[in-house]
Amino acid sequence: SKYYSSSGNEQLGRVYREKGYENMVVFEEELENYFDNFTDLAQSFPLFHGKRHEDEDLDEDKAVGYFKGTFRVYPLPADGSDPPPRMLKNVPCNQLVKVL
């Protein structure tokens, strides 16, 4: 696969390299460490294993991973009118664009 080829795994990335596909850059740490603490629209949320009891504190040292993304929940108007504007309304669409 592209990931294994790009990360230097000779065995699992062999077929991908033989086909002549380009590799991608695989970063070993958070991107903020490489790009001067940039900020983006996503937030990091710690992920914990199992159930948490009400009296337990959330200790990030016990996190098994992190989800980086954004959740947005927008209510729809009950009267059927147009929905309110979205937070990401200025992001260009992700449709394919034919270029010359």
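Values below: all heavy atoms of this structure, side chains included; hydrogens, waters and symmetry mates excluded.
Inter-residue side-chain proximity for N33 and F27 is flagged as unmet; no heavy-atom pair is nearer than 4.5 Å. In this structure, F48 and V64 have side chains that are not in contact, with every pair of non-hydrogen atoms separated by 4.5 Å or more.
Ion pairing between a basic and an acidic side chain is recognised when a charged N comes within 4.0 Å of a carboxylate O; E22 and K2 show no such pairing. We find that E10 and R14 are not joined by a salt bridge, their nearest charged nitrogen and carboxylate oxygen being 4.0 Å or further apart.
Other residues, nucleotides and ligands place more than 12 heavy atoms under 6.0 Å from the CD atom of E18.
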>> One pair to check against side-chain contact (heavy atoms from CB on, under 4.5 Å): Y3 and L12. What are the steps and the verdict?
In response: CA-CA 9 Å; Y3 170 78; L12 296 175; over 6 Å; no
> Given the rule in the side-chain contact (heavy atoms from CB on, under 4.5 Å) test, do R17 and Y4 qualify, once you have shown the distances and angles that lead to the verdict?
Replying inline: CA-CA 10 Å; R17 280 190 312 281; Y4 291 117; over 6 Å; no
> What's the verdict on side-chain hydrogen bond (donor to acceptor under 3.5 Å, both in side chains) for N9 and S7, showing C-alpha distance, side-chain angles and the deciding distance?
Replying inline: CA-CA 6 Å; N9 187 315; S7 62; 5.8 Å; no
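Under a 3.5 Å cut-off, the side chain of S5 and the backbone N or O of S1 do not form any donor-acceptor pair.
Closest approach of Y66 to L47, counting heavy atoms only: C-CD1, 4.0 Å.
Ring geometry for F67 against F45 counts as parallel: the plane angle stays under 30°, on a 0 to 90° scale with 60° as the upper cut.
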